[in-house]
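Quick caveat, the model's predicted, so the values are computed rather than measured. Start at 1 and go down the list; that is how both ligands and their atoms are numbered.
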Amino acid sequence: MNNNYKLIYEGKAKKVFSHNDEDKVIIEFKDDATAFNALKKAKFEGKGKLNCLISARIFEFLIENNIPTHFIELKNENTMIAKKIKVIPLEIVLRNTAYGSLCKQTTIKPGTILAKPLIDIYLKNDELNDPLITKDRIDLMNLISSNDLDLIINLTLKINTVLKSFFKNIKLQLVDFKLEFGYDFKNNILLGDEISPDNCRLWDLKQKNDTIVSLDKDRFRNDLGGLIEAYSEINRRINEFI
Ligand code: UDP
């Protein structure tokens, strides 16, 4: 990255740099993969580029569908320019199908299609291991007003409707996904972070039998192999569709 840009923040999968325009940031997607709160780590050459390209296409599609996002434009294959936001420390998970932690913490069987989308909210705090949090606790911590929380929940439901049909068109089942939101300098709530196979579970609907074929980070979490092949397949299907 050019020396003119100052590193503002480095996360597990991305680096955020300053931009000449102080309302913007430059986000570089890294090849690093982490799981289980970074207890498991690896590097996959090309993952940063794939997630950046996939996220960019999805953000563009969401913007066309009137969802406010931080995305402005791609700078190059693994870097995007985005609006600077103050990230709200909540991880909003929406589930259409039961899998992952939902099945570890309840008696719901993996693969159960949920009658309606379930929203689980987690506190974004690595030290505390991102615990599941309630509306009352969010209130108690003064993290965000209940009005803004309702706004975020409604946006998440709308994003789900848009993304579910988007992915269905490219023969992928949107099992669940995690979103992060933030405030821009005018205090508007924008969707931030990324939308990629790192934070969405996507199952292949081209599969003829009932076996689950994950084309997402579960390939790394569950040691299935073929992560880059899976992410490339998603990128290929998106580009064919758009
Ligand atoms: N997720 C994420 N970051 C996290 C935890 C979860 O992006 O720190 C995503 C994950 O990829 C999946 C969804 O949120 O698409 C639900 O994950 P779950 O709560 O089932 O957790 P996991 O099984 O990954 O521990």
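Not a single donor-acceptor pair under 3.5 Å links the side chain of Thr79 to the backbone N or O of Glu28.
Lys12 pairs with exactly one of Asp193, Asp126, Asp32 by the salt bridge (charged side-chain N to carboxylate O under 4.0 Å, His left out) rule, that one being Asp126. Considering Asn96, Leu94, Leu102 in turn, Leu102 is the only one that fulfils the side-chain contact (heavy atoms from CB on, under 4.5 Å) rule with Leu118. Of the listed residues (Arg219, Lys171, Arg237), just one forms a salt bridge (charged side-chain N to carboxylate O under 4.0 Å, His left out) with Asp204, and that residue is Arg237.
Residue Val93 has at least one heavy-atom neighbour below 4.0 Å for each of these atoms of ligand 1: 14 (O), 16 (C). Under a 4.0 Å criterion applied to the non-hydrogen atoms of Cys200, ligand 1 contributes the atoms 15 (O). For ligand 1, the atoms closer than 4.0 angstrom to any heavy atom of Gly100 are 20 (O), 23 (O). Each of the atoms 4 (C), 8 (O) of ligand 1 lies under 4.0 Å from some heavy atom of Glu91. Close approach of ligand 1 to Tyr122 is summarised as follows: ligand atoms under 4.0 Å from at least one heavy atom of the residue are 19 (O). The atoms of ligand 1 that sit less than 4.0 Å from any heavy atom of Arg95 are 16 (C), 18 (P), 19 (O), 20 (O).
Taking 4.0 Å as the cut-off, Asp198 counts as a neighbour of ligand 1 on heavy-atom distance.
Between Lys47 and Asp198, at least one side-chain nitrogen of the basic residue sits less than 4.0 Å from a carboxylate oxygen of the acidic one, meeting the salt-bridge criterion.
The protein non-hydrogen atom at the shortest distance from atom 10 (C) of ligand 1 is Arg221 NH2, 3.3 Å. Counting only heavy atoms of the protein, atom 18 (P) of ligand 1 lies nearest to Ser101 OG, 3.3 Å. Asp176 OD1, 3.1 Å is the protein heavy atom nearest to atom 12 (C) of ligand 1.
Residues Val93 and Ile121 form no side-chain contact, since every pair of their non-hydrogen atoms from C-beta on lies 4.5 Å or further apart. Put simply, the side chain of Ile27 does not reach to within 4.5 Å of the side chain of Tyr9, judged on heavy atoms.
By heavy-atom distance, the residue among Lys178, Lys217, Lys104, Arg201 lying nearest atom 3 (N) of ligand 1 is Lys178.
Rounded to the nearest 0.5 Å, atoms CG (Leu128) and OH (Tyr122) are 15.0 Å apart.
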